[in-house]
Amino acid sequence: MRIKDGSHHIASLRDGREVWLRGALVGDVTTHAAYRGAVHTSAALYDFQAAAANLERMTFEIPGSGHRVNRAWQLPRSYGELVERRRAIEAWAAVHYGFMGRSPDHVASTLAGMVMGIDVFRAHDPKRAAALVDYFDYARSHDLFLTYVIINPQADRSKTAHEQADEFLTLGVVDEDAAGITVRGAKMLATSGIMANEVFVACIQPLQKGDERYAVAFCVPMNARGLKILSRKSYEEAATSRFDNPLASRFDENDALLYFADVKVPWDRVFINQNIELSQKQWHATPAHVLQNYQAQIRLTAKMRFLLGVARKIAEVNGTLAFPGVRETLGQLAAEAGMVEGLVYGMEAKGAVAGDFYVPDHHLLYSAQALTQQLYGKVIAGLRDLAGGGMIMLPSGVEDFANPLLRDLINKTQKSPAATSEERVKLFKLAWDAVGSEFASRHTQYEMFYAGATFVTKGHSFRTYDWAGATQMVERLMAEYDLDEELVRLGKVGPRS
Ligand SMILES: Cc1cc2nc3c(=O)[nH]c(=O)nc-3n(C[C@H](O)[C@H](O)[C@H](O)COP(=O)(O)OP(=O)(O)OC[C@H]3O[C@@H](n4cnc5c(N)ncnc54)[C@H](O)[C@@H]3O)c2cc1C
């Protein structure tokens, strides 16, 4: 098989998928004004991996096949292999400057982690475990782009899935027969769903007795019969000029609510069938959750580096770089970027052998998650602080440059000690798209929530910290003195006989 490249990916998306936008069916997502920029960025990722110069860094040979696929499918057996795999993730993240959260290496990491922990599935149901392994081989050999929907739609969060007014608000099993299961209902929130090949559907939220029908895990193609992809508003569609919206025009990966109108899933694609215990264990008793979020933290290092570059350039262009307060702000941002990077290296170095595999350290991963979801908004606030009104004091659109009168005024009014008027406008348009546009605002929401609300990520941090090691230190210190000895030492009582 040929290594997957961009043209291959684009062709694979012309599959009749049912994407809905502003009241109408979209048709071909690869050419539609709402999606084509993002679709072509996803294709650029595959072109990048197929380029001869990047082949070794980006891909590995599936053992015994002679066929190379992205390293995200590689099951790391050592620290060295984990680092090799990270370098591929890093290189892809640099292509999209960290702005595509659901690049194909995210869910590939999820499935890799599940296969690394396949014994957990086997212990519950060997047939479903075999289906997962076979599906993994299929997805890996085709280097598929998968997204996932693992969250139940918001409605009444004080009630569990089966207690909602509509028992099929949340996706659940309606029926099963010799061919497979039939599922009905909604899941949120398929980021990149419009340009993925397939979707992994599962439930990461805790389920309770009575919720059995919602405890499923399976994969279907995005053109599965009955699968409705309900796109959110496209920011790309309004970003008609790359000069005005350099990020939204290319990296608006989209998010979509998925509705499954009685979708049939054959048994060889069903990995969990109505099993609440396994539904939780698939994430936390296997390396799946750690590996997918480790990918996310690597991606974030690229985005942080990019945002710091924007911050520094704002200071240069505004002539504020030498001000002590500005250096302090930049220093703080640099320290925060360093922390994100350091946590990635730390979770690798402190990783552990799990069976045949090497897995990043759980607690450092959850530390990173809990801290970075709080950090992102602060970093954005730091950039806003540095920029002042410069991101607003801008020509209304690129067309202004085409009008000689306005161009002259732009040249008179857009001034900088370090840049031409055109360069200044170009930078501040980019800065606004990174921190203030609707695209940017969605990114803040994304970084705050993609891995769960803060009470969830802090819960993982609580669950995985070495409390025994911490409390034993305290106990050792307290064992070094006691009340009776102290009273004797202070001469308040005599020594005991
Ligand atoms: C841009 C974006 C992209 C996303 N992409 C994907 C994707 O590709 N795939 C996918 O599966 N999911 C995706 N998600 C969904 C994401 O995983 C969820 O948003 C996240 O898990 C939080 O769930 P929720 O949105 O239902 O918030 P909720 O769980 O409803 O929480 C919202 C807020 O309500 C409060 N709250 C709710 N429950 C409790 C509680 N028990 N205790 C205390 N406070 C509580 C907290 O203030 C919390 O912050 C995406 C989300 C966003 C914003």
Side-chain angles (χ1 to χ4, degrees), residues 38 42 98-111 145-161 163-164 169-171 185-208 214 216-220 222 227 229-236 247-248 251-260 279-280 282-284 288-289 292-293 295-296 299-300 303 366 369-370 372-374 376-377 380 437-463:
S42 71
F99 281 94
M100 295 190 98
R102 202 62 77 253
S103 51
D105 40 1
H106 187 79
V107 181
S109 297
T110 309
L111 291 188
F145 184 167
L146 278 102
T147 183
Y148 62 26
V149 282
I150 58 177
I151 300 291
N152 299 333
Q154 277 187 344
D156 183 347
R157 280 277 183 257
S158 71
K159 293 191 167 74
T160 183
E163 293 168 346
Q164 301 293 329
L169 163 75
T170 295
L171 175 139
K187 293 293 271 194
M188 66 191 266
L189 194 54
T191 298
S192 283
I194 50 107
M195 58 187 174
N197 297 118
E198 303 220 354
V199 57
F200 175 60
V201 182
C203 185
I204 197 168
Q205 289 161 310
L207 295 171
Q208 294 170 16
Y214 312 103
V216 285
F218 60 85
C219 279
V220 287
M222 292 307 295
L227 173 53
I229 305 164
L230 308 177
S231 169
R232 66 150 160 78
K233 175 182 175 180
S234 162
Y235 313 133
E236 176 180 332
L247 300 176
F251 305 123
D252 182 17
E253 59 188 339
N254 198 266
D255 313 281
L257 186 80
L258 298 190
Y259 188 78
F260 294 74
S279 186
Q280 272 302 296
Q282 69 181 320
W283 305 107
H284 302 300
H289 198 244
Q292 73 190 32
N293 289 305
Q295 181 277 344
R299 174 200 54 83
L300 185 61
K303 198 175 189 181
Y366 291 123
Q369 268 197 326
T372 57
Q373 74 182 157
Q374 299 167 67
Y376 193 78
I380 294 299
S437 68
E438 199 169 4
F439 170 86
S441 179
R442 177 265 178 199
H443 269 272
T444 301
Q445 203 70 5
Y446 182 83
E447 300 296 352
M448 286 171 70
F449 277 102
Y450 76 84
T454 52
F455 74 90
V456 175
T457 55
K458 287 177 189 170
H460 291 316
S461 172
F462 175 78
R463 176 172 62 77

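Each ligand, and each atom within it, is numbered from 1 in the order the structure gives.
Of the polar atoms of Gln205, none of the N or O atoms is found under 3.5 Å from an N or O of ligand 1, judged by distance alone. For ligand 1, one of its N or O atoms has an N or O atom of Arg102 under 3.5 Å away. Ligand 1 has no N or O atom lying under 3.5 Å from any N or O atom of Thr454, backbone or side chain. Looking at ligand 1, you won't find any N or O of Ala451 less than 3.5 Å from one of its N or O atoms. Residue Leu189 has at least one N or O atom closer than 3.5 Å to an N or O atom of ligand 1. Looking at Gln445 next to ligand 1, no N or O pair under 3.5 Å apart turns up. Close N/O approach between Thr147 and ligand 1 is not found [any backbone or side-chain N/O within under 3.5 Å].
For the atom pair CZ (Phe251) and NZ (Lys303), the distance works out to 11.5 Å, reported to the nearest 0.5 Å. Going from atom CG of Leu169 over to atom CD of Glu163 covers 13.0 Å, rounded to the nearest 0.5 Å. Considering CG of Leu247 and CZ of Phe99, their distance stands at 5.0 Å, rounded to 0.5 Å. Rounded to the nearest 0.5 Å, atoms NZ (Lys187) and SG (Cys203) are 4.0 Å apart.
When non-hydrogen atoms are compared, ligand 1 lies under 4.0 Å from the backbone of Ile150 as well as from its side chain.
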> Is there a side-chain contact (heavy atoms from CB on, under 4.5 Å) between Val107 and Phe145 once you walk through the steps?
Replying inline: CA-CA 8 Å; Val107 181; Phe145 184 167; over 6 Å; no
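Considering only residues two or more places apart in sequence or on other chains, Glu236 meets the salt bridge (Lys or Arg N to Asp or Glu O under 4.0 Å) condition with none of them.
Annotation: atom 20 (C) of ligand 1 to nearest protein heavy atom, Phe449 O, 3.3 Å. Looking only at heavy atoms of the protein, atom 29 (O) of ligand 1 is closest to Arg157 NE, 3.5 Å. If you check which protein heavy atom lies closest to atom 9 (N) of ligand 1, you get Tyr148 O, 2.9 Å. For atom 24 (P) of ligand 1, the closest non-hydrogen atom of the protein is Gln154 NE2, 3.6 Å.
Of all atoms in ligand 1, listed by their number and element, those nearer than 4.0 Å to a heavy atom of Gly452 are 20 (C), 21 (O). Here is the list of ligand 1 atoms found below 4.0 Å of a heavy atom in Thr191: 3 (C), 4 (C), 5 (N), 6 (C), 7 (C), 8 (O). Shown in contact with Tyr446 at under 4.0 Å from a heavy atom are these atoms of ligand 1, numbered in order with element: 1 (C), 2 (C), 3 (C). Listed by number with element, the atoms of ligand 1 under 4.0 Å from a non-hydrogen atom of Ala453 are 22 (C), 48 (C), 49 (O). With ligand atoms numbered from 1 in the order given, ligand 1 contributes 17 (O) to contacts under 4.0 Å with heavy atoms of Tyr450. For ligand 1 and Ile151, the ligand atoms under 4.0 Å from any heavy atom of the residue are 11 (O), 12 (N), 17 (O), 21 (O). Shown in contact with Val149 at under 4.0 Å from a heavy atom are these atoms of ligand 1, numbered in order with element: 11 (O).
Taking a distance limit of 4.0 Å, we find that atom 36 (N) of ligand 1 is approached by some protein heavy atom. By the definition of a contact as any protein heavy atom under 4.0 Å away, atom 39 (C) of ligand 1 is in contact. Within 4.0 Å of atom 44 (N) of ligand 1, at least one protein heavy atom is present.
With respect to the salt-bridge test (charged N to carboxylate O, under 4.0 angstrom), the residues Asp252 and Arg232 qualify. Using a 4.0 Å cut-off between charged nitrogen and carboxylate oxygen, Glu447 and Arg299 count as a salt-bridge pair.
Side-chain atoms of Tyr450 and His106 include no donor-acceptor pair closer than 3.5 Å. A side-chain donor-acceptor contact under 3.5 Å links Thr110 and Gln292. Using a 3.5 Å distance cut-off with no hydrogens or angles, the side chains of Gln373 and Thr454 do not pair a donor with an acceptor.
Residues Ile194 and Ile229 meet the side-chain proximity criterion, which asks for heavy atoms closer than 4.5 Å. In this structure, the side chains of Cys219 and Leu146 come closer than 4.5 Å at one or more pairs of heavy atoms.
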